Number of protein chains: 2
Amino acid sequence: MLAEHRGFVPLNRDGLVDRVAKTLVDAILAGGIPPGERLAESTIAKQMDLSRAPVREALRLLESSGLVEYRTNRGFFVKVVSVTSMADLYDLRILLETAAIRRLTEINADVALPALRAQVAELHRLAGEGDDLMAHVSADMQFHRLICEHSGNQRFLQLFDQIANETKLGLLVIGRLYDDPHEMAGTHDPIVEAVALGDANRAAGAIDYHIRVAKEMVTQHFHDQQEGKPE
Amino acid sequence: MLAEHRGFVPLNRDGLVDRVAKTLVDAILAGGIPPGERLAESTIAKQMDLSRAPVREALRLLESSGLVEYRTNRGFFVKVVSVTSMADLYDLRILLETAAIRRLTEINADVALPALRAQVAELHRLAGEGDDLMAHVSADMQFHRLICEHSGNQRFLQLFDQIANETKLGLLVIGRLYDDPHEMAGTHDPIVEAVALGDANRAAGAIDYHIRVAKEMVTQHFHDQQEGKPE
DNA sequence: GTCAAGAAGATTGTCGACAAACGACAAATC
DNA sequence: GATTTGTCGTTTGTCGACAATCTTCTTGAC
């Protein structure tokens, strides 16, 4: 009953809001909609050939995952990522993931270890494959998600999912962190090894270091960019 | 109850969704709507004398603060608090607040200390005042909120606000944790003292202990209740 | 008496329309 | 010329109606 002409229209009636949200997330993360850009409800609705109601709800969803900002009577905007917001985000991730991997190592290592190893293998496979930035970032995040998933605390995973998209956005705004994707994949090895040894402290230290390095690179890139174009 | 039709103040229509949300939060936390209860949009809309649209948005807001659960095609329900969800929540709070108070002590103690002291004084004042459970819980949470607020990481505060209402809901479902409200107020003293000394480790240890004790009491209460009525 | 299929009722999902608010630009005032 | 005021087009805010879906109750077969 709904026409499927235009653009990238998802068209099963089931879970429409979720599909609209996903479409928007993909568009934002693909760089199709730059940070700061306004997201007019009627424009999106027209493009997807549906009414504003589901679009509005989808945008509210994106808001709670931090990709989008809402201002009363002004509408939704793609969130602008600043160096401090990214630094704060990485500090939170350090908290979350060190705690998660501690628990994982202590109570769930045998189940989690194969999954982590498989994901690292996937990272190396992708590294040999090509240089699809989005794919590398997603696979990296999936590794970190696995850690939260197997932490035994559902809320850890929930929190991770809440901040994952924003992290991705930050990484994609920056571009490439590592010149060699194999090097990036390799930075995960010490974490897995520590888990394999059953050494929770070492695992926590390894992931702390891993994320801390990433944070430094990210903040460095931001400073470079700001100097590059001081507007 | 609401829907100010009398008088001439229809200009105050600004932030309607927020006001609806607040009304609902108050109702839930006051126990007016028990956990598991369905929140029918049209019923609420009728009671507040407005249409379903703003009600729906308000409910989505509550969802992101964890007070309410949404199921596709079934609607919104007041979230049922379980012993594991509460335990997970308290573990997350331990993570968050130990880190927050570390940072506070190291970089912001002089500004934060007066605020913390004032809040403890307020706790004691309320303890002498009477036994309004909701007031005690709110004042307690405000103390913990101050810690996140002065942590220097905006995201810590954001996360705290996200889980604060759910914590309150859990506490109110249980009822009273401490027999003597003065005792409850007193448990905050070691935290403030450690901050005053500028000892971040000690402060972190103090709040870790503080929250851990609360967690034990909460889980204990839940187990007692479940035994009481095994359904 | 139990169970399944289906009708009836209630609730959510989506829509198009209108009202209110905002932002930009033109006109008026000093 | 600078500031204020007025107007207009665009976008969000809210609404009532209808379609799709779920729940409950009825009915009938076994």
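Convention: sequence-line order gives letters A, B, ...; per-chain numbering from 1. Remember, it's a predicted structure, so these values are computed and weren't measured experimentally.
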Report the distance from atom CG of B:Leu133 to atom OG of B:Ser138, rounding to the nearest 0.5 Å.
9.0 Å
C:dT11 P sits how many Å from B:Glu37 CD, rounded?
12 Å
Got more than 12 heavy atoms from elsewhere within 6.0 Å of CD, A:Gln154?
no
From CD of A:Glu41 across to C1' of C:dC15 the rounded distance in Å is 14 Å
Rounded to whole Å, CG of A:Asp18 lies from P of C:dG13 at a distance of 11 Å
Rounded to whole Å, how long is the line connecting atom CG of B:Leu16 with atom P of D:dT12?
18 Å
Which one, C:dC15, D:dT14, D:dG13, comes nearest to the side chain of A:Pro54?
C:dC15
Do the side chains of B:Leu61 and B:Asp18 get nearer than 4.5 Å, heavy atoms only?
yes
So does B:Arg74 reach the base of C:dG13 with its side chain, donor to acceptor, closer than 3.5 Å?
no
Please give, in whole Å, the distance from D:dG16 C1' to B:Lys46 NZ?
12 Å
What nucleic acid atoms does B:Leu59 come within less than 4.0 Å of, heavy atoms only: base, sugar-phosphate, or nothing?
nothing
Nearest-Å distance for atom pair CZ/P, residues B:Phe77 and C:dT11:
11 Å
Quick note, B:Val17 side chain, CB onward, closest among C:dT14, D:dT14, D:dC15 is D:dT14
Should the pair A:His188 and A:Phe143 be assigned to parallel (<30°), tilted (30 to 60°) or perpendicular (>60°) ring geometry?
perpendicular
Would you kindly give the CD1-to-P distance between A:Ile44 and D:dT11, to the nearest whole Å?
12 Å
Sugar-phosphate, base or nothing in reach of A:Tyr70, heavy atoms under 4.0 Å:
sugar-phosphate
Name the residue closer to the 5' end of DNA chain C, choosing between A:Ser51 and B:Thr43 according to the nucleotide with the nearest heavy atom.
B:Thr43
Please tell me which of the listed nucleotides, D:dT12, D:dC15, C:dT14, lies nearest to the side chain of A:Arg38?
D:dT12
Nearest-angstrom distance from the residue atom CZ of A:Arg56 to P of D:dT11
14 Å
We want to know whether A:Asp131 and A:His136 form a side-chain donor-acceptor pair, criterion being a heavy-atom distance below 3.5 angstrom.
no
OP1 or OP2 of C:dC22 under 4.0 Å from side-chain N/O of A:Asn73
yes
So, does A:Arg52 get its side chain near the phosphate of C:dA17, meaning an N or O under 4.0 Å from OP1 or OP2?
no
